[in-house]
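A, B, ... follow the sequence lines: proteins, then strands. Residue 1 opens every chain. Quantities reported herein were computed from a predicted structural model and do not represent experimental measurements.
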Number of protein chains: 2
Amino acid sequence: MCCGRLSLGLEAMLEGGFELPRRGEARRAGREVLRDSIFVQLRDDILRGRFSRGESLVELKLASQYGVSRTPIREAIRQLEIEGLVRYLPNRGVVVEGITTQDVEDIFVIREHLEGLVARWAAARVTPEELKKLHEVLELQEFYVAKDDVHQITVLDTEFHRLLLEASKSKSLRYALGSMLDYVEQARLRSLSVPGRIHDSVREHKSILEAVEAGDSEEAARLIAKHMKNARNNLLRFVTEQEKKDNSHEDS
Amino acid sequence: MCCGRLSLGLEAMLEGGFELPRRGEARRAGREVLRDSIFVQLRDDILRGRFSRGESLVELKLASQYGVSRTPIREAIRQLEIEGLVRYLPNRGVVVEGITTQDVEDIFVIREHLEGLVARWAAARVTPEELKKLHEVLELQEFYVAKDDVHQITVLDTEFHRLLLEASKSKSLRYALGSMLDYVEQARLRSLSVPGRIHDSVREHKSILEAVEAGDSEEAARLIAKHMKNARNNLLRFVTEQEKKDNSHEDS
DNA sequence: TTGCCCGAGGATGTATACAATAATACACGA
DNA sequence: TCGTGTATTATTGTATACATCCTCGGGCAA
């Protein structure tokens, strides 16, 4: 009984289990399996709205479109299915579900509840190596703040939160939050487009990282919770302003 | 509680008029695609520990074992991969990851942070139909409390929380929590094995359902948070007692 | 013995063939 | 005209063939 658990832990250690990279990124340098690149492309195409909601994905069509056979397509679709981006209809294939505005709003709320855990656990378990990477990302963000490059900052924002997630060393947490970061990247781009927001956002990252580095779990959790709340408010502000613009356009 | 309705609900349940959205179970009456049944079997086998951690899954072996070709096996594996139950090694197949004690503990903490949202949103959005189902599950639980059938109560516990999750109408939340319910079913079986716990647990469900039915989001969130905390404490109690037993066995 | 090369075997990656199922169109009859 | 049954076709479900890659062990030389 106890021996089983012991060897379990040992194996886990030897396995060095945490270097799972973002799905689909080269699983090994140089070579990548087709289903992964298809998966990433399909997912991006769905998230960017290149497939409209309700559109059905036909395997043969996709196969010829991507210049591969049905097999990798099918496997990519199976993965999209688990992620909930497509809906399966028996013997009729899959239709695009995508994510709705409601989904994005939910994700922001969910992250408000979970990022605290990320920060707390990361503060307790972060490695020097991970801290180094986090600092690098932060410095890059500051660089791009000076250049006012919102897009780059958004990408690095994802990276920052992903690194923190890895640092938390929790597979369950990574499972729960992992793809949410990708799902709302578009939304964060908008949230960060509110004038002055990039500056604040990066500053918040800086203070979060300081708390994590100091091992102050509670402070890190408090700061990241505030960070999430600010991000959400900014998104709301952006959305309402967008609506105002849309309305005035309609009038003219 | 009226006995007539109880037996009615019971019959309905046993009849199987209860279409579970739980992955892989008959997507349509009568017919099921192979990859789904393979997926469910493999997942259960992993969660139940029939595959040991680190063991590699060989497609051809599994294919002959289940009497199907490689294709459905591969697709099932792709899904396990996304769920994080197996780890992919390029050109070498997948090895079983399973879930560790640490993962289970994390899941309980994560649920403490998220089930509040489930209850809150469910209270706001639940439909009469869903309420009916929830009541049925609750009545069945009370039935099995009388019979002291911990296993059935555990299964129904999963069902109760899953129904609540569906009632929350949030795809994102469902994605984050969906398979966690399955992952910790074994653990909840243990948590509920603590003497007297099944009684309290079902009573807590009852009060949660009352708050949800009354549309009292805050109360529902408060109650379910307490429910989760109790469940976690019971699991811890069970584990420590188990360890005590193991130790005394070792001595003999 | 140690280290390296290399080839066989096995496993996965991809493509394609065949079977089963659902959607569609069309002809036929009321 | 409308509805219905049927044939056709498109698409998915499953199986299998072929290509590619990795591992592992034998043989050989230093």
Integer-rounded Å distance: [N] [atom2] and [X] [atom1]:
X	N	atom1	atom2	value
R70(A)	dA17(D)	CZ	C1'	16 Å
N91(B)	dA19(D)	CG	C1'	11 Å
I38(B)	dT14(D)	CD1	P	9 Å
I73(A)	dT14(C)	CD1	P	11 Å
L62(B)	dA15(D)	CG	P	14 Å
R74(A)	dG13(C)	CZ	P	16 Å
Y88(A)	dT11(D)	OH	C1'	11 Å
E75(B)	dG13(C)	CD	C1'	14 Å

Q. Toward the 5' end of DNA chain C, which comes first, V68(A) or E59(B), by nearest nucleotide?
A. E59(B)

(Q) If you assign each of P72(A) and R92(B) to its closest nucleotide in DNA chain C, which residue comes earlier from the 5' end? (A) R92(B)

Q.
Is it true that R125(B) and S168(B) share a donor-acceptor pair across their side chains at a distance under 3.5 Å?
A. no

Q: Check the side chains of S179(A) and Y175(B) for a donor-acceptor pair under 3.5 angstrom, ignoring hydrogens and angles.
A: yes

Q) What class does the angle between the rings of H161(A) and H205(A) fall in, given that below 30° is parallel, 30 to 60° is tilted and above 60° is perpendicular? A) perpendicular

Q | Given dC22(D), dA15(C), dC18(C), the nucleotide with the shortest approach to the side chain of S69(A) | A | dA15(C)

Q) Contact class for L57(A) vs. all strands (heavy atom < 4.0 Å): base, sugar-phosphate, or nothing? A) sugar-phosphate

Q) Should the pair R78(A)-E81(A) be classified as a salt bridge under the 4.0 Å nitrogen-to-oxygen rule? A) yes

